[in-house]
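Here the structure comes first, spelled out in structure tokens, and everything after it is commentary.
Here is the naming used below: chain letters follow the sequence lines, and residue numbers restart at 1 for every chain. Source: prediction; values computed, not measured.
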Amino acid sequence: MRLSRFFLPILRETPKEAEIVSHRLMLRAGLVRQMSAGMYAWLPLGHIVLRKIEQIVREEQARAGAVELLMPTLQSADLWRESGRYDGYGKEMLRIQDRHERDMLYGPTNEEMITDIVRRDIKSYKDLPFTLYHIQWKFRDEIRPRFGVMRGREFLMKDAYSFDLSEEAARISYQKQFVAYLRTFGRMGLKAVPMKADPGPIGGDLSHEFIILADTGESEVFCHRDLVDMDIPGEDTDFESDLSAIVDGRTSLYAATDEMHDPARFDAEVPEDKRLTARGIEVGHIFYFGTKYSEPMKASVQGPDGTEVLMHGGSYGVGVSRLMGAIIEASHDDDGIIWPDAVAPFNVGLINLKSGDEATDSACEDVYAKLTNAGLDVLYDDRDERAGGKFATMDLIGLPWQLVIGPRGLKNGVVELKRRATGEKEELTIDAALNRLTQTN
RNA sequence: CGGGGCAUGGCGCAGCCCGGUAGCGCACCUGUUUUGGGAACAGGGGGUCAGAGGUUCGAAUCCUCUUGCCCCGACCA
């Protein structure tokens with residue numbers, strides 16, 4: 001992509017409404033613009049990152065055996081009356097009427113709808129188990145939206161729903177999502193700690209939140225220090241095998257959010273030098289809720305002996321749009337964002353130090369074509385701008401690599417390659433730079 | 001919803017107390033000189049001063065109401 005033809009409105013000064021660093025940087029780097037309280041337009045650069053995050057979520061859901069579908073954003077109130085949540089959900093649910101004055105709502109979550117879909121066609125225990133998910137916009141009419149996309153009213157969420165014949169079987173589905181989440185967040189360069197959580201209005205008796213430690217986190221969390229730096233399960237993890245060892249390895253150490261925190265247990269179970277009290281950002285939340293929805297909505301199958309058995313359910317959410325904020329909170333410096341390689345909107349920023357200079361232009365065009373042909377996503381700053389502004393822009397938007405080409409270097413046959421995360425700069429020949437970039441990406 | 005605050009060009013702000021018809025920095029456009037880590041000079045474009053009503057010869061400025069947004073608390077991916 002040529003920057004001269006892209007839409008990248010960067011801000012030199014910080015809009016005053018942005019308090020936390022991720023919000024400031026998202027506005028400054030041209031990722032989002034606020035349209036009204038808690039609702040954001042995703043500008044091209046932000047949209048690319050959103051898609052990258054989604055893609056990682058998809059790949060790990062597939063690995064765990066979950067199947068994607070897509071449900072509507074608007075739902076009929078009748079389904080929620082059936083489950084009993086229409087009155088219980090409160091003002092956070094945006095309620096609307098269509099032209100026939102039918103009660104509708106903008107879905108804050110989809111347990112009812114997925115249960116309705118499943119109950120219509122699944123009649124036999126032989127069809128179980130399965131897990132369905134979608135990545136769809138949700139709306140929760142938050143009392144006070146804040147922190148940019150971290151607590152918006154409209155937000156993109158991955159929500160998965162498992163259906164099993166029994167509680168024991170459902171716990172296996174739960175474990176698959178648990179491990180999938182470890183991999184999902186790990187691939188984004190995040191250290192996510194699963195913590196015992198309050199099931200809240202979704203209901204149920206088994207629940208974990210996945211928390212990113214960050215000073216600007218909304219909740220206080222308490223955990224065993226060793227949980228923070230645990231390795232993520234490898235690509236070769238067999239999701240059809242028993243995952244208990246991986247799950248138990250995390251859940252056996254103390255970790256709790258403030259509403260579940262038990263100071264006495266914390267002190268008793270965790271040696272003093274391993275006690276970690278910090279703030280955290282919730283990026284995922286998983287629940288096992290048994291027959292909470294299948295019972296009122298009559299979602300059952302016939303068992304082997306011919307009797308009706310209620311399906312046991314769980315639901316598993318990832319805040320996809322929130323993750324972008326969380327990633328930036330975890331990875332930035334004074335100059336701007338530092339995207340982890342896996343979610344960076346482009347692999348390389350190519351800086352032409354002297355647009356209009358024939359030799360420099362043609363060297364840049366050549367490099368741009370070669371990198372693009374090699375399958376790399378390149379943002380080529382071909383604008384007729386001063387060098388300082390180009391460097392500042394590239395640092396702000398945080399692409400993993402910056403390749404700098406100017407007439408002075410070309411005279412000596414070298415270009416500069418900079419790693420954004422470390423600030424390391426290296427002068428090397430164009431061919432060496434191309435090799436380095438194509439081999440490491 | 002309770003408490004606090006803000007609303008003036010794309011962004012950051014001054015002007016308001018003490019009414020006289022809008023200004024600064026950055027950004028943007030043109031030209032010249034520049035050009036290797038946010039250039040200089042000259043010229044220029046852009047504003048229903050959040051909206052409505054009122055007071056007044058005259059309102060960004062004073063009064064009333066409304067709306068939007070932000071911050072602190074209770075809720076959540």
Side-chain angles (χ1 to χ4, degrees), chain A residues 9-20 23-24 27-28 30 33-39 53 57 89-93 107-110 135-160 181 185 192 197-202 207-212 218-219 257 259 280-287 315-326 335-336 351-357 360 384-396 402 404-412 414-416 418 423 425 427:
Chain A
I10 66 154
L11 265 31
R12 211 152 162 178
E13 279 164 291
T14 304
K16 65 180 172 195
E17 70 269 15
E19 290 279 312
I20 65 169
H23 191 196
R24 286 202 291 262
L27 292 168
R28 289 229 294 129
R33 286 292 179 265
Q34 184 169 335
M35 295 293 104
S36 67
M39 301 172 72
I53 293 172
V57 170
Y89 214 91
K91 289 190 165 179
E92 209 169 278
M93 186 155 74
T109 177
N110 285 60
I135 298 176
Q136 177 63 289
W137 294 93
K138 301 289 186 292
F139 193 94
R140 293 184 189 172
D141 200 356
E142 296 286 343
I143 296 167
R144 181 152 87 90
R146 65 187 124 170
F147 303 145
V149 300
M150 304 260 277
R151 177 158 300 284
R153 293 197 293 171
E154 188 183 48
F155 58 96
L156 189 61
M157 179 163 109
K158 186 277 319 187
D159 39 325
Y181 278 29
F185 301 129
D198 181 358
I202 309 269
S207 177
H208 286 89
E209 287 182 19
F210 287 74
I211 301 280
I212 307 299
E218 286 195 82
S219 49
T257 58
E259 66 264 31
I281 301 167
E282 180 185 353
V283 291
H285 200 159
I286 62 179
F287 307 85
S315 68
Y316 314 91
V318 170
V320 173
S321 46
R322 172 182 287 184
L323 270 168
M324 198 181 307
D335 296 323
I351 296 179
N352 181 333
L353 279 178
K354 194 163 182 175
S355 292
D357 177 77
T360 311
D384 182 16
E385 278 289 325
R386 300 181 68 80
K390 293 190 174 189
F391 284 113
T393 298
M394 281 297 176
D395 282 346
L396 177 61
Q402 294 172 16
V404 184
I405 300 181
R408 196 172 299 170
L410 285 177
K411 234 176 261 176
N412 304 317
V414 295
V415 295
E416 182 185 289
K418 175 177 158 183
K425 298 173 193 168
E427 289 209 329

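Between B:U55 and B:G19, the distance separating the two C1' atoms is 11 Å to the nearest Å. Taking atom C1' in both B:G5 and B:G53, one finds a spacing of 25 Å when rounded to whole Å. Nucleotides B:G45 and B:A27 have their C1' atoms positioned 13 Å apart, rounded to a whole Å. Annotation: B:C26 and B:A40 have their P atoms spaced 8 Å apart (nearest Å). The same atom, P, is picked in B:G9 and in B:U48; the two are 9 Å apart, to the nearest Å. When the P atom is compared between B:A60 and B:G4, the two are found 29 Å apart, to the nearest whole Å. Nucleotides B:G54 and B:U61 place their C1' atoms 15 Å apart, quoted to the nearest Å. Of the P atoms belonging to B:G23 and B:C18, the separation is 24 Å, rounded to the nearest Å.
Listed nucleotides: B:A77, B:C11, B:G38. Nearest to the side chain of A:Glu13: B:C11. Nearest to the side chain of A:Met157, among B:G37, B:G38, B:A77, sits B:A77. Considering only side-chain atoms of A:Gln34, the nucleotide from B:A77, B:C70, B:C11 that sits closest is B:C70. Considering only side-chain atoms of A:Lys425, the nucleotide from B:G37, B:A77, B:G12 that sits closest is B:G37. Listed nucleotides: B:C6, B:A77, B:G37. Nearest to the side chain of A:Glu416: B:G37. In the set B:A77, B:C70, B:C26, the nucleotide with an atom closest to the side chain of A:Glu17 is B:C70. Closest to the side chain of A:Glu142, from the set B:C75, B:C69, B:C13, is B:C75.
The closest side-chain heavy-atom distance from A:Glu17 to A:Leu27 is below 4.5 Å. Between A:Lys390 and A:Leu353, the closest side-chain pair of non-hydrogen atoms is not below 4.5 Å. In this structure, A:Ser355 and A:Glu385 have side chains that are not in contact, with every pair of non-hydrogen atoms separated by 4.5 Å or more. Contact of the A:Thr109 side chain with the A:Arg140 side chain is registered, since non-hydrogen atoms from C-beta on lie closer than 4.5 Å. When side chains are defined from C-beta on, A:Arg146 does not count as touching A:Glu19, because their heavy atoms never get closer than 4.5 Å. Residues A:Arg33 and A:Pro9 are in side-chain contact: their nearest non-hydrogen atoms beyond the backbone lie under 4.5 Å apart. A 4.5 Å side-chain heavy-atom check between A:Tyr181 and A:Val283 finds every atom pair outside the cut-off. Contact of the A:Arg153 side chain with the A:Ser36 side chain is registered, since non-hydrogen atoms from C-beta on lie closer than 4.5 Å.
For the pair A:Ala197 and A:Thr257, the tightest heavy-atom approach, listed with the atom from each and the gap, is CA-OG1, 4.4 Å. Taking every heavy atom of both residues into account, A:Lys418 and A:Asp395 meet most closely at NZ-OD1, 3.1 Å. The minimum heavy-atom distance linking A:Lys354 with A:Thr360 is given by the pair O-CB, 4.0 Å.
Residues satisfying the side chain to side chain donor-acceptor pair (under 3.5 Å) test with A:Glu416, not counting sequence neighbours, are none.
A:Asp395 comes within 4.0 angstrom of a nucleotide base, judged by non-hydrogen atoms across all strands. Heavy atoms of A:Lys158 sit nowhere under 4.0 angstrom from any nucleic acid atom. The residue A:Val320 sits apart from the nucleic acid: no heavy atom pair falls under 4.0 Å. Residue A:Gly38 is classed as having no contact, given no heavy-atom separation below 4.0 Å to the nucleic acid. Contacts of A:Ala37 with the nucleic acid, taken as non-hydrogen atoms under 4.0 Å apart, involve only primed sugar atoms and P, OP1 or OP2. Using a 4.0 Å heavy-atom criterion, one finds that A:Gly389 contacts the bases of the nucleic acid, with or without backbone contacts as well. Among the heavy atoms of the strands lying under 4.0 Å from A:Gly284 are primed sugar atoms or P, OP1, OP2 only; no base atom is included. Looking at heavy-atom distances under 4.0 Å, A:Pro9 makes no contact with the nucleic acid at all.
Under the Watson-Crick or G-U wobble criterion, with both distances below 3.5 Å, B:A74 is left unpaired in every strand shown. With a cut-off of 3.5 Å on both pairing distances, the Watson-Crick or G-U wobble partner of B:G68 is B:C6. Nucleotide B:G45 is matched to nothing when pairs are restricted to Watson-Crick or G-U wobble geometry with both distances under 3.5 angstrom. Base pairing of B:C24 is made with B:G12, judged by Watson-Crick or G-U wobble geometry with both donor-acceptor distances under 3.5 Å.
Taking only side-chain nitrogens and oxygens, A:Arg386 never comes nearer than 4.0 Å to OP1 or OP2 of B:U35. When the side-chain nitrogen and oxygen atoms of A:Arg12 are compared with OP1 and OP2 of B:A27, one or more of them lie within a distance under 4.0 Å. Between B:G37 and A:Gln402, no contact under 4.0 Å exists linking OP1 or OP2 to a side-chain N or O.
Distance A:Lys390 NZ to B:A39 P: 13 Å, rounded to the nearest Å. When rounded to the nearest whole Å, the span between CZ of A:Phe391 and C1' of B:U35 equals 12 Å. Atom C1' of nucleotide B:C76 and atom CD1 of A:Ile211 are separated by 12 Å, given to the nearest angstrom. With rounding to whole Å, A:Lys91 atom NZ is found 16 Å from B:C76 atom P. Taking atom CZ of residue A:Arg24 and atom P of nucleotide B:C71, one finds them 12 Å apart after rounding to whole Å. Rounded to an integer number of Å, the gap from CG of A:Leu27 to C1' of B:G12 is 14 Å. As a whole-Å value, the separation of A:Arg151 CZ from B:A77 C1' is 8 Å. Look at CD on A:Glu218: it is 11 Å from P on B:C71, rounded to the nearest Å.
Where A:Leu353 and A:Glu154 each meet RNA chain B at their nearest nucleotide, the meeting point lying more 5' is that of A:Leu353. Comparing A:Ala18 and A:Ala392 by the nucleotide of RNA chain B that holds the closest heavy atom to each, the one mapping nearer the 5' end is A:Ala392.
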Listing time: all N or O pairs from protein to nucleotides 72-74 of chain B that are below 3.5 Å?
unit_1, atom_1, unit_2, atom_2, d
B:C72, OP2, A:Arg144, NH1, 2.8
B:C72, OP2, A:Arg144, NH2, 2.7

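In this structure, A:Phe155 counts as stacked on the base of B:A77 under the 5.5 Å centre distance and 30° plane angle limits.
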Next item on the list: Heavy atoms under 4.0 Å is the rule here; annotate nucleotides 28-33 of chain B 5' to 3' with B where the base is hit, S where only the sugar-phosphate is, and - elsewhere.
Entry: ------
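Here the OG1-CD1 distance, from A:Thr393 to A:Ile10, works out to 3.5 Å after rounding to the nearest 0.5 Å.
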